[in-house]
2 protein chains.
Amino acid sequence: MSPIEHPVVRRFIEDAGHLTQVLGFGRVTGQIYALLYFSAEARSLDDLKRELAISKGSASMCVRQLETLGAVQRVWVKGDRRDYYQANDYFGQIIRRGLQEIVGHRVEALGQFIEEADRSVTGADGDAFIRQRLDRLRAFQKKAQKFWDNPLVKVMLK
Amino acid sequence: MSPIEHPVVRRFIEDAGHLTQVLGFGRVTGQIYALLYFSAEARSLDDLKRELAISKGSASMCVRQLETLGAVQRVWVKGDRRDYYQANDYFGQIIRRGLQEIVGHRVEALGQFIEEADRSVTGADGDAFIRQRLDRLRAFQKKAQKFWDNPLVKVMLK
DNA sequence: CATTGCGTTCAATGCAAATTGAATCTACCA
DNA sequence: TGGTAGATTCAATTTGCATTGAACGCAATG
C-alpha cells in the first residue's frame with residue numbers, strides 16, 4: 001500500500017521537493033526521499049516512477065544521488081530482479097554529507113583561489129587595496145575552515 | 001578606477017557569481033558583491049550596470065537583496081543625486097543572515113508542519129508506520145532547532 | 001510647475017538546469 | 001548463447017527562474 005494516498009504524506013513530499021530544490025539538489029530527489037521515508041516496505045524504481053509520475057531516467061539518477069549522500073539504501077528482494085530502496089533516517093549524517101558537498105568543497109576552493117590570487121598581486125604591479133581585501137578574505141577562509149573542521153560541529157550534527 | 005581590470009578580481013567576480021547562483025541567490029548578486037568588495041570607492045547603480053554589463057533593473061533588484069542581507073551599505077555622496085554602495089566585509093554576519101533565510105525559517109516551518117501532521121494522523125484512521133516516522137521527524141526537528149539556537153554556533157560564525 | 005535624472009517595477013524574454021525517453025548496457029536465466 | 005527484464009545514459013526537450021528594458025514614479029532643481 002502506498003503512503004502517498006495519505007494527505008499528510010502528499011504534503012510532505014511536496015515540501016521536501018521544494019526544500020531540495022532550494023538547496024540545489026533538484027525537486028525529484030527530495031520527493032523520492034520523502035516517499036521512501038514514509039514507505040513501510042522498500043520500493044522499486046518502477047514504484048517511484050508510477051507513484052511520483054516521473055520518468056524512469058529521473059528516478060534512476062535521483063536515487064543514485066540519494067545513495068551517494070547515504071540517504072537511501074539498496075535492498076535485495078529475493079526472487080525479484082529489481083532493485084529496491086528504502087530511506088535511511090540518520091538525518092544528521094545525511095545533512096552532514098549534503099553540507100560537505102555544498103560548503104566543504106567551496107571552503108577549500110576558496111583557499112586555493114586565494115593562494116593563486118596572492119601570487120598574482122604580489123610584486124610591483126600589486127594594487128594595495130586589492131591586497132588588503134585579499135588579506136581579509138584569507139582571514140575569513142581560515143576561520144571558515146576551522147569552523148568546518150571543528151569536531152564540535154560534527155558532534156552537533158550527529 | 002575600476003578594479004575589474006585586474007585579472008584576479010575578474011576571476012573572483014566570476015566565482016562569486018557561480019557561488020551565489022548555486023546557493024539560489026542568482027548570479028548577479030554575487031558579482032555585484034564581489035565588485036564592490038574590491039572597489040576602493042563606493043559605486044553607483046550605473047557603475048555596476050556598465051562594469052558588469054547588466055541591466056539597470058537587475059542592478060537595482062540585486063543591490064536591494066544584498067542590502068537586506070546586510071552585505072552592502074548605501075552611502076551618500078554629497079552633491080550627487082545617485083545612490084552609492086559599498087561592500088561590508090563582516091562575512092560572518094552576512095553568512096549567518098543568508099543561512100537564516102535558507103535554514104532557519106525551514107527548521108521552524110518543519111516544526112509547524114509536524115504539529116499539523118500530528119493532528120491529522122491521530123485517532124482511529126491513523127497509520128501506525130506514519131506515526132512512527134513523524135515521531136522520528138519530531139525528534140530531529142527538536143535537535144535541529146536546538147543546534148540552530150545554540151549560542152556556540154553563533155559565536156563560531158562571528 | 002515643468003523638467004531632469006535618478007530608482008523601481010513587472011511583463012516579456014532568454015537561458016541554464018531539470019527532466020524525459022529512446023537507445024544502450026548489464027546481469028541473469030533457460 | 002540468445003533472450004529477457006531491468007538499470008543507466010545522454011541528446012533533446014521542457015520548465016522555471018533570473019534577467020532585461022520600457023514604462024512608471026518620485027524627488028530635486030530652476
Side-chain angles (χ1 to χ4, degrees), chain A residues 13-36 42-69 72-86 98 101-102, chain B residues 13-36 42-69 72-86 98 101-102:
Chain A
I13 288 172
E14 210 174 301
D15 288 0
H18 280 306
L19 176 63
T20 49
Q21 179 150 51
V22 167
L23 296 181
F25 291 99
R27 184 173 40 89
V28 174
T29 304
Q31 292 183 330
I32 289 179
Y33 181 79
L35 177 58
L36 292 177
R43 302 225 164 266
S44 70
L45 288 189
D46 277 322
D47 292 338
L48 300 176
K49 173 185 158 143
R50 184 167 13 85
E51 299 183 21
L52 295 174
I54 58 177
S55 72
K56 207 173 177 191
S58 206
S60 176
M61 288 187 298
C62 293
V63 156
R64 161 78 45 100
Q65 190 179 20
L66 285 166
E67 226 183 344
T68 304
L69 289 172
V72 139
Q73 250 181 339
R74 201 186 299 223
V75 297
W76 278 269
V77 173
K78 76 172 172 184
D80 196 327
R81 277 163 65 181
R82 275 169 291 196
D83 294 342
Y84 285 82
Y85 297 90
Q86 61 188 18
E101 193 137 298
I102 297 177
Chain B
I13 287 171
E14 211 172 299
D15 287 359
H18 280 305
L19 176 63
T20 50
Q21 180 150 54
V22 167
L23 296 181
F25 292 98
R27 185 173 40 89
V28 174
T29 305
Q31 291 183 330
I32 289 179
Y33 181 78
L35 178 58
L36 292 178
R43 300 225 166 268
S44 70
L45 289 188
D46 276 322
D47 292 338
L48 299 176
K49 173 185 158 144
R50 184 168 14 85
E51 298 182 21
L52 295 174
I54 58 177
S55 72
K56 209 174 177 191
S58 207
S60 174
M61 287 188 297
C62 293
V63 155
R64 161 79 44 99
Q65 191 179 19
L66 286 167
E67 226 183 346
T68 304
L69 289 173
V72 138
Q73 250 180 340
R74 200 187 299 223
V75 297
W76 278 268
V77 173
K78 75 172 172 183
D80 196 327
R81 276 165 64 184
R82 276 168 291 196
D83 294 341
Y84 283 82
Y85 297 91
Q86 60 188 19
E101 193 138 300
I102 298 178

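Hydrogens, waters and symmetry mates play no part in the numbers below; they use all other heavy atoms, side chains included. In what follows, every chain begins at residue 1, and chains take the letters A, B, ... in the order their sequences are listed.
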**Q** Please find the pair of heavy atoms, one from A/Leu52 and one from A/Ile13, that lie closest to each other, and give the distance.
**A** CD2-CG2, 4.1 Å

**Q** Considering only heavy atoms from C-beta outward, does the side chain of B/Asp47 approach that of B/Tyr85 to under 4.5 Å?
**A** no

**Q** Measure across A/Leu48 and A/Ile54 and return the closest heavy-atom pair with its distance rounded to 0.1 Å.
**A**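 Looking at all heavy atoms of both residues, the shortest contact is O-CG1, 3.9 Å.
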
**Q** What is the distance from CD of A/Gln21 to P of C/dA16, rounded to the nearest Å?
**A**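 Going from CD in A/Gln21 over to P in C/dA16 covers 18 Å.
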
**Q** Not counting sequence neighbours, list each pair that qualifies as a side chain to side chain donor-acceptor pair (under 3.5 Å) and has a residue in residues 16-35 of chain B.
**A**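 Listed by first then second residue: B/Thr29-B/Gln65.
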
**Q** Kindly state each residue pair satisfying salt bridge (Lys or Arg N to Asp or Glu O under 4.0 Å) with at least one member in residues 75-86 of chain B, sequence neighbours excluded.
**A** B/Arg74-B/Asp83, B/Asp80-B/Arg82

**Q** With a strict under 4.0 Å distance from non-hydrogen atoms of chain A, what nucleotide opens and what nucleotide closes the contacted stretch of DNA chain D, reading 5' to 3'?
**A**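 Boundary nucleotides touching chain A, in 5' to 3' order, are D/dT4 to D/dC10.
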
**Q** Kindly give the heavy-atom pair with the smallest separation between A/Ala42 and A/Val75, and that separation in Å.
**A** CB-CG2, 3.4 Å

**Q** Quick one: side chain to side chain donor-acceptor pair (under 3.5 Å) pairs with a partner in residues 54-64 of chain B, sequence neighbours left out?
**A**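 Sorted pair list comes back empty.
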
**Q** From A/Glu67 CD over to A/Gln73 CD, what is the distance, rounded to the nearest 0.5 angstrom?
**A**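 A/Glu67 atom CD to A/Gln73 atom CD measures 9.0 Å (nearest 0.5 Å).
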
**Q** Compare every heavy atom of A/Gly30 with every heavy atom of A/Ala16, then report the nearest pair and how far apart it is.
**A**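 Reported closest heavy-atom pair: CB-O, 3.6 Å.
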
**Q** Could you check which residues of residues 28-36 of chain A get a heavy atom under 4.0 Å from DNA chain D? Sort them by number, please.
**A** none

**Q** Give the B/S/- string for nucleotides 7-15 of chain C, one per nucleotide from 5' to 3', where a protein heavy atom under 4.0 Å of the base yields B, of only the sugar-phosphate yields S, and otherwise -.
**A** BBBB-----

